[in-house]
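Computed from heavy atoms alone, side chains included, the values below leave out hydrogens, waters and symmetry copies.
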Amino acid sequence: MSTDLRDLYQEIILEHSRNPKNAGTLDDPDGRATGNNPLCGDRIILYVKLDGDRIKDAKFDARGCAVSVASASIMTEMLIGRSIAEVRQEHKRFADLLISKDDPCLADDDELSALMGVREFPARLKCATLPWEALVAAVDGNETDVTTE
């Protein structure tokens, strides 16, 4: 990965961390899940509002590192308006991209590209995946804590 591209990705992560999209809570959510990464100290509460089988709205309250907050911000931006089946597909795609040894094949406008830098830091993979695990638990109606351990 070139230095310019790495710098761009780092800037995207920092921007989402400093000014996260969809941060907050939802009154009367259809799904809610709490995620915890004890190793890093990340905590997230994810709320979803459904319209049939589609994510009508998603909000999160996160306390944690820049990677975790940025991942939640990017994820909610991507998945609002999508069906639960699409959410599951994107969750799997994201997880597969993070563990793949191959270069990620992502569109230039896919902000998930910014999170691919964590592949170089295995300890940070859990930071990036925590919001996604919480989202799946929320749409499943599983209100138990999701943990990365």
*Asks:* Do you know the tightest heavy-atom contact between Ala23 and Lys59?
*Replies:*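 Looks like O-CD, 4.1 Å.
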
*Asks:* Residues two or more places apart in sequence or in another chain: which of them pass side-chain hydrogen bond (donor to acceptor under 3.5 Å, both in side chains) with Asn19?
*Replies:*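 Asn19 satisfies side-chain hydrogen bond (donor to acceptor under 3.5 Å, both in side chains) with Glu15 only.
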
*Asks:* Could you tell me whether the side chain of Leu135 reaches within less than 4.5 Å of the side chain of Leu79, counting heavy atoms only?
*Replies:*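 Yes, their side chains come closer than 4.5 Å.
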
*Asks:* Mind checking salt bridge (charged side-chain N to carboxylate O under 4.0 Å, His left out) for Asp140 and listing every partner two or more places apart, or none if nothing turns up?
*Replies:*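 Here the qualifying residues are Arg88.
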
*Asks:* Please check if the side chain of Asp53 supplies one atom and the backbone of Ile84 the other of a donor-acceptor pair under 3.5 Å.
*Replies:*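 Looks like no, no N/O pair under 3.5 Å.
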
*Asks:* Please name all residues satisfying side chain to side chain contact (heavy atoms under 4.5 Å, CB included) with Arg124, sequence neighbours left out, ordered by chain then number.
*Replies:*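 Arg124 satisfies side chain to side chain contact (heavy atoms under 4.5 Å, CB included) with Cys65, Val67, Val118, Phe121, Cys127 only.
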
*Asks:* Please report the closest heavy-atom contact between Ile13 and Ala70, naming both atoms and the distance.
*Replies:*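 Looks like O-CB, 3.5 Å.
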
*Asks:* Listed by chain and number, what are the side chain to side chain contact (heavy atoms under 4.5 Å, CB included) partners of Asp145, not counting sequence neighbours?
*Replies:*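 Per chain and number, Asp145 pairs via side chain to side chain contact (heavy atoms under 4.5 Å, CB included) with Thr34, Arg43.
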
*Asks:* Among pairs that include at least one residue of residues 126-139, which meet salt bridge (Lys or Arg N to Asp or Glu O under 4.0 Å), considering only residues two or more places apart or in two chains?
*Replies:*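 Checked against salt bridge (Lys or Arg N to Asp or Glu O under 4.0 Å) - neighbours excluded - the pairs reaching residues 126-139 are Lys126-Glu149.
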
*Asks:* Which pairs pass ring pair (Phe, Tyr, Trp, His ring centres under 6.0 Å) with one or both residues in residues 40-99, sequence neighbours excluded?
*Replies:*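 Passing the test, one end in residues 40-99: Phe94-Trp132.
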
*Asks:* Identify the two heavy atoms, one from Gly64 and one from Val69, that lie closest to each other, and give their separation to 0.1 Å.
*Replies:*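 Between these two residues, the closest heavy atoms are O-CG2, 4.1 Å.
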
*Asks:* Can you tell me if Lys49 uses its side chain to pair, donor with acceptor, with the backbone of Asp28 under 3.5 Å?
*Replies:*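 The answer is yes, because a donor-acceptor pair under 3.5 Å joins these two groups.
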
*Asks:* Can you find a pair of side-chain heavy atoms, one from Thr147 and one from Pro38, that are under 4.5 Å apart?
*Replies:*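 Side chain of Thr147 against side chain of Pro38, heavy atoms only: contact under 4.5 Å found.
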
*Asks:* Decide yes or no for Val87 and Ile55: does some side-chain heavy atom of the first lie under 4.5 Å from some side-chain heavy atom of the second?
*Replies:*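 A side-chain contact under 4.5 Å exists here.
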
*Asks:* Taking salt bridge (Lys or Arg N to Asp or Glu O under 4.0 Å) as the cut-off, I'd like each qualifying pair that reaches into residues 62-80, sequence neighbours left out, listed once.
*Replies:*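 Listed once each, the pairs are Asp61-Arg63.
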
*Asks:* On a heavy-atom basis, which atom in Ile44 and which in Ala72 lie closest, and how many Å separate them?
*Replies:*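 Result for this residue pair: CD1-CB, 3.7 Å.
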
*Asks:* With sequence neighbours excluded, tell me which residues meet side-chain hydrogen bond (donor to acceptor under 3.5 Å, both in side chains) with Thr129.
*Replies:*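 Here no residue qualifies.
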
*Asks:* Please name all residues satisfying side-chain hydrogen bond (donor to acceptor under 3.5 Å, both in side chains) with Asp96, sequence neighbours left out, ordered by chain then number.
*Replies:*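 side-chain hydrogen bond (donor to acceptor under 3.5 Å, both in side chains) check on Asp96 returns Lys92.
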
*Asks:* Write down the atom of Asp57, the atom of Ile80, and the distance for their closest heavy-atom approach.
*Replies:*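 Closest approach of Asp57 to Ile80: OD1-CD1, 3.8 Å.
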
*Asks:* Which residues pass the side-chain hydrogen bond (donor to acceptor under 3.5 Å, both in side chains) test with Thr25, not counting sequence neighbours?
*Replies:*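 In terms of side-chain hydrogen bond (donor to acceptor under 3.5 Å, both in side chains), with neighbours along the sequence ignored, Thr25 is linked to no residue.
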
